[in-house]
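Reading through the structure tokens given below for one structure.
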Amino acid sequence: YAQWHYPLENEGTFKQNFPADFIAEGVDQTRGWFFTLHVLGVALFDSVAYKNVMSNGLLLDKNGNKMSKRLGNVIDPFETIEKYSADATRWYMMRNSDPWDNMKFDMTGLQDVIRSHFGTLYNTYGFFALYANIDNWKYDAAKKISNEAKPELDRWIVSKLQTLIKDTTGYFEDYEPTKAARAIEKFVDEDLSNWYVRLNRRRFWKGEMSDDKQAAYETLFECLNVVSQLMSPVAPFFSEWMHRNLNEGSASVHLSYLVKADESLLDKDLEERMELAQRSCSLILSLRKKEKIKVRQPLSKILIPVVNAKTQAQFEKVESYILSEVNVKAIEYISDASGVVKKKIKPNFKELGKRVGSKMKAVQNAVLAFTADDISQIERDQKYVLNLEGESFELFLADVDIQTEDIPGWLVASEGALTVALDVTLTDALRQEGNAREFVNKVQNLRKDKDFKVLDRIKVKVIANDMLKEAI
């Protein structure tokens with residue numbers, strides 16, 4: 001009431017803003033603040049005082065102890081903001097835990113946010129700005145290429161962007177800033193930087209300004225521009241910097257209208273198969289890392305078991321992306337019925353415990369008795385109906401853990417219903433190709449160390465080397 005100096009003045013302003021959309025206060029102020037406001041609101045205006053409330057939890061040290069000068073574990077907020085910035089500090093606190101939960105504040109986590117989120121986004125913007133400036137490219141809405149005419153990767157990231165807009169807007173409207181921050185972070189890291197930009201670099205490197213290159217610029221510009229809007233409530237200064245750099249002469253990002261999700265640009269089928277590609281690559285790269293085989297070393301083949309024809313068709317549409325990203329020559333699809341892949345299943349007690357209760361033992365015995373066909377069915381249909389003493393019980397894929405046994409001569413990894421097997425046998429031809437890639441990598445690193453520009457043409461001399469002779 002006092003903020004509008006009501007009832008002495010500003011009656012119209014007060015009525016437009018009462019009751020408040022939301023209030024926020026520490027959990028320890030429940031009785032003295034939350035309840036008191038309602039008592040006054042009802043007594044004076046026969047109305048609640050606010051529509052939503054966000055109760056802030058306590059800030060603890062990294063070990064979960066309450067901060068105090070006596071323990072010497074107090075973190076100076078002004079020093080933290082001065083060293084790491086207000087945006088990074090706020091983002092770390094928002095994405096780390098829900099505001100109403102107690103939070104363990106760890107400087108290591110804050111540094112990780114700077115590197116993983118802000119560093120990734122800054123580098124993605126830097127990549128865009130570098131080539132856009134070389135080509136003197138400017139966004140022109142009048143010359144924008146239609147979404148239908150763009151390549152599949154462009155249509156995929158645009159679809160993911162619409163999903164992000166829809167989800168993030170919903171989270172903010174539901175007072176869920178933590179979910180919003182995590183969704184933005186996931187999009188920037190997993191989808192935009194580590195997939196879209198990685199797979200599209202050559203389109204930006206091309207010399208001439210073709211429709212394909214134009215589409216790549218437009219798509220990356222749109223993604224960065226929308227991300228600057230979506231993250232602005234949590235990171236107001238970084239988003240302002242990026243928005244103004246993308247839109248010369250424009251007003252503040254905080255004065256711009258938040259873009260609405262365009263349902264016509266959503267393509268869930270495309271999102272689904274691209275997610276299969278991303279998950280497959282993640283599993284294959286984890287196998288390479290486990291065996292200390294560099295990605296620059298080509299390998300011959302991947303085996304992917306598929307549960308049905310639709311899944312195989314989805315994989316085949318993104319096969320080229322998988323092979324390019326993990327540096328493997330071919331993919332072979334096999335059915336679960338082939339007998340090559342053997343799987344084991346066991347109950348996920350954490351999930352089942354919420355629903356099963358006293359019938360846990362019966363469910364456990366039924367799951368452990370699953371045949372290969374039963375496992376294939378629950379993977380294919382995402383559910384399976386058990387008959388427990390005459391009663392039907394619906395079992396979902398999340399209720400079980402499915403593991404794939406190793407295939408002799410192959411490395412195997414699984415995630416949920418997805419399994420991949422990698423042939424790590426190296427032939428002489430594969431070794432030579434790997435050496436060639438290592439050579440290119442060393443030249444590129446030398447260019448970087450010597451601070452050569454992207455457009456600089458260089459000459460390379462190589463000392464005679466039997467190992468590299470065939471490779472070069």
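- The line from OG1 of Thr89 to CD of Glu82 is 11.0 Å long, rounded to the nearest 0.5 Å.
- Using a 4.0 Å cut-off between charged side-chain N and carboxylate O, Asp21 and Lys51 make a salt bridge.
- Salt bridge annotation for Asp269-Arg273: present, with a cationic side-chain nitrogen under 4.0 angstrom from a carboxylate oxygen.
- The existence of a salt bridge linking Lys213 and Glu218 is excluded, since no basic side-chain nitrogen approaches an acidic carboxylate oxygen closer than 4.0 Å.
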task = Give the intermediate values and the outcome of salt bridge (Lys or Arg N to Asp or Glu O under 4.0 Å) for residues Arg296 and Glu438.
result = CA-CA 7 Å; Arg296 288 189 289 276; Glu438 285 288 351; 3.4 Å; yes
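- Summarising the geometry of Met94 relative to Thr178, their closest heavy-atom pair is O-OG1, 2.7 Å, with the distance given to 0.1 Å.
- Checked by atom type, the side-chain pair Asp106/Tyr92 shows no donor-acceptor distance below 3.5 Å.
- A salt bridge between Lys138 and Glu248 is present, with a side-chain N of the basic residue lying under 4.0 Å from a carboxylate O of the acidic one.
- Using cut-offs of 30° and 60° for the angle between ring planes, the Trp137 and Phe128 rings count as perpendicular.
- Annotation for Ala215 and Ile145: closest pair N-CD1, 3.8 Å, computed over non-hydrogen atoms.
- Looking at every heavy atom in both residues, Leu430 comes nearest to Ser300 through CD1-N, 4.0 Å.
- A side-chain N or O of Tyr84 and one of Gln111 form a donor-acceptor pair less than 3.5 Å apart.
- Ring orientation note: the planes of Trp241 and Tyr125 are nearly perpendicular, at an angle over 60° on the 30°/60° scale.
- Side-chain contact between Val295 and Val326: absent, with no pair of heavy atoms (C-beta onward) separated by less than 4.5 Å.
- The two atoms that bring Ile165 and Val259 nearest to each other are CG2-O, 3.5 Å, heavy atoms only.
- Ring geometry, His38 versus Tyr50: the interplanar angle falls under 30°, so the pair is classed parallel (tilted spans 30 to 60°).
- Side chains of Pro233 and Phe172 form a contact here, defined as non-hydrogen atoms less than 4.5 Å apart.
- In this structure, the ring of Phe221 has its center no less than 6.0 angstrom from the ring center of Tyr217.
- Residues Thr163 and Lys268 approach most closely at OG1-NZ, 3.1 Å, considering heavy atoms.
- The neighbour count for Glu208 CD, taken as heavy atoms of other residues, nucleotides or ligands under 6.0 Å away, is above 12.
- Between Trp195 and Ala277, the shortest heavy-atom distance links the atoms CZ2-CB, 3.8 Å.
- Taking the side chain as every heavy atom from C-beta outward, Leu220 and Asn200 never approach each other to under 4.5 Å.
- Atoms CG and CG, from Asn147 and Asp154 in turn, are 8.0 Å apart once rounded to the nearest 0.5 Å.
- Using a 4.0 Å cut-off between charged side-chain N and carboxylate O, Glu148 and Arg155 make no salt bridge.
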